[in-house]
Amino acid sequence: MLGKSSLAAKKYLVAFLVITLIGAYLRYWWIINIPNVPESDFEGYYVIATNFYHNRGISMWGNPVAFQGMGYPFVLGLFFKLAGNTEIMTAKYLNLLLSISTMIVLFFIFNRLFEQKTAMAAYLVAALLPNYIAYNSVLGSEILFTFFVALTILVQFSELDNRYRYPLLGIFIAFSALTKPFFVAYPAVFAVAEWLRNRSIEQTAIAALLVSLVMAVVIAPWTYRNWKVFNEFIPITYNGGYVLYINNNDYNHYGGWMDPANFEVSEEFKARFVEKGTTFPEHPPQADKIYRDEAIRWISSHPVEFLKLGVLRVKNTFFNGAEDIVKWTMNQIDKENLDRQSLRKLNFYRALTDMIIYVLSSFGFFYTMIYLLWIINGLFRKTPALDYKKAAVVLNIAFLAAVYFVTEGQPRYNFPALFFLIAATVASMELIIKNLGRNYREQT
């Protein structure tokens with residue numbers, strides 16, 4: 001028995017190493033062979049990181065900023081300092097390191113969720129997932145954020161003493177929030193998951209409070225910097241109201257980003273900006289509350305339209321295939337003048353990736369809806385009736401979907417949810433196979 005066990009462990013380790021090496025090679029191959037340059041938000045991140053490298057702080061075009069999460073440009077700027085240059089390829093190498101590290105973290109997460117064979121299947125999907133490969137060439141926050149979220153989940157699933165577990169969670173949640181500010185609300189998700197884990201209101205309250213306090217302490221220096229620079233209380237960023245407004249108004253009918261310069265607004269609304277020393281549609285820190293108040297007013301007076309937009313945003317994020325990969329990760333390929341063979345390969349790649357995303361999202365959301373019903377039922381039971389770890393996966397999918405439902409939807413926003421969707425899909429397949437096997441045995 002010991003010999004067989006040892007042999008199985010060696011095979012499992014070999015499988016892990018082979019899959020990891022293949023995943024790492026594919027990521028490296030992509031950044032070397034698929035041409036792209038940073039544009040839109042990604043260009044902004046690159047400019048800020050370059051300024052940080054030149055000791056100009058978190059700034060753009062000579063002015064300090066806190067419009068977006070500072071996590072990625074800050075880490076990228078530090079990496080530039082370590083490398084001694086600001087080459088775009090250097091930034092892609094940082095993505096490569098983070099992506100491979102995330103793969104390894106996901107391996108340990110899947111092993112805490114599933115039996116070995118099932119865990120290895122989930123890991124194989126994560127290692128070969130086209131999105132996780134292609135985004136290594138994009139100078140955006142997606143890979144760094146997913147790395148921090150994965151670390152958060154790994155610690156959440158760990159058996160560490162709570163004296164270490166809760167502070168570590170607070171630290172990783174803070175890092176995640178500094179990268180993607182909406183994650184500052186994550187302690188609420190953690191509290192629900194923790195309640196399912198321990199069934200103690202007192203212990204859950206203590207855990208949520210401690211995690212939130214540590215998170216606040218880690219974020220505090222950045223908040224203080226914003227106060228000193230902008231003379232405004234800005235915990236992380238000042239674009240929350242702006243994003244909410246441009247996605248919730250009379251002119252947005254498709255659930256995506258719109259240029260507010262194309263909106264027709266009242267003179268009264270414009271005057272509120274002038275009172276703050278700016279003009280519409282500019283979005284300096286002092287204007288964010290104006291945007292937020294107007295967005296909330298519109299949502300409260302247009303509940304049906306808001307719900308329709310929310311559904312569109314979720315659809316745009318999770319059921320729009322690989323549009324973002326073609327748009328952002330291969331923007332230097334002249335798709336109009338490709339030869340027939342290259343075009344055929346591109347179309348096949350796009351179709352395959354579309355199918356993978358649709359499958360993951362469909363099974364993931366189906367599993368989430370079913371499991372959420374079990375969770376709601378479980379909240380009122382005195383004894384544990386749920387797999388805490390699988391419940392945490394479902395809560396994270398629901399949390400991310402809710403964020404995009406309210407704010408903005410586009411395909412690249414599904415990136416941090418993909419490993420949760422992989423876990424939910426694999427769990428769905430596991431349930432289906434077990435039920436089919438049980439039915440077959442009963443019939444025979």
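This is a predicted model, so every value here is computed, not measured.
A donor atom on one side chain and an acceptor atom on the other are not found under 3.5 Å apart for Thr407 and Asn247. Between the side chains of Asp250 and Trp298, at least one donor-acceptor pair of N or O atoms lies under 3.5 Å. Side chains of Glu39 and Tyr46: a donor-acceptor N/O pair is absent below 3.5 angstrom, by distance only. A side-chain N or O of Asn248 and one of Arg313 form a donor-acceptor pair less than 3.5 Å apart. Side-chain contact annotation: Thr20 with Tyr123, donor-acceptor N/O pair under 3.5 Å present. Counted by atom type alone, Asn316 and Tyr413 present zero donor-acceptor pairs between their side chains at under 3.5 Å. With no hydrogens or angles considered, no side-chain donor-acceptor pair links Asn414 and Thr317 at under 3.5 Å.
Contact check for Glu232 versus Tyr238: no side-chain heavy atoms found under the 4.5 Å cut-off.
Below 30°, between 30° and 60°, or above 60°: for Tyr72 and Tyr45 the angle between ring planes is above 60°, a perpendicular geometry.
Atoms CD1 and NZ, from Ile325 and Lys327 in turn, are 13.5 Å apart once rounded to the nearest 0.5 Å. The structure places CG of Leu312 at 9.5 Å from CZ of Phe405, a figure rounded to the nearest 0.5 Å.
Taking the ring centroids of Phe52 and Phe80, they lie at or beyond the 6.0 Å cut-off. Ring-centre distance between Trp227 and Tyr224: not below the 6.0 Å cut-off.
Every residue two or more places apart in sequence or in another chain was checked for a ring pair (Phe, Tyr, Trp, His ring centres under 6.0 Å) with Phe108, and none qualifies. With sequence neighbours excluded, the residues forming a ring pair (Phe, Tyr, Trp, His ring centres under 6.0 Å) with Tyr135 are Phe415, listed by chain and number.
Applying side-chain contact (heavy atoms from CB on, under 4.5 Å) to Phe175 and the options Phe148, Phe145, Phe147 leaves one that passes, Phe148.
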task = Could you walk me through whether Lys390 and Leu113 pass the side-chain contact (heavy atoms from CB on, under 4.5 Å) test, one step at a time?
result = CA-CA 7 Å; Lys390 289 188 173 69; Leu113 281 167; 4.2 Å; yes
List the atom pairs, donor and acceptor, that lie under 3.5 Å between side-chain atoms in residues 258-275 and the rest of the protein, sequence neighbours left out.
unit_1, atom_1, unit_2, atom_2, d
Asp259, OD1, Ala261, N, 2.9
Ser266, OG, Phe269, N, 3.1

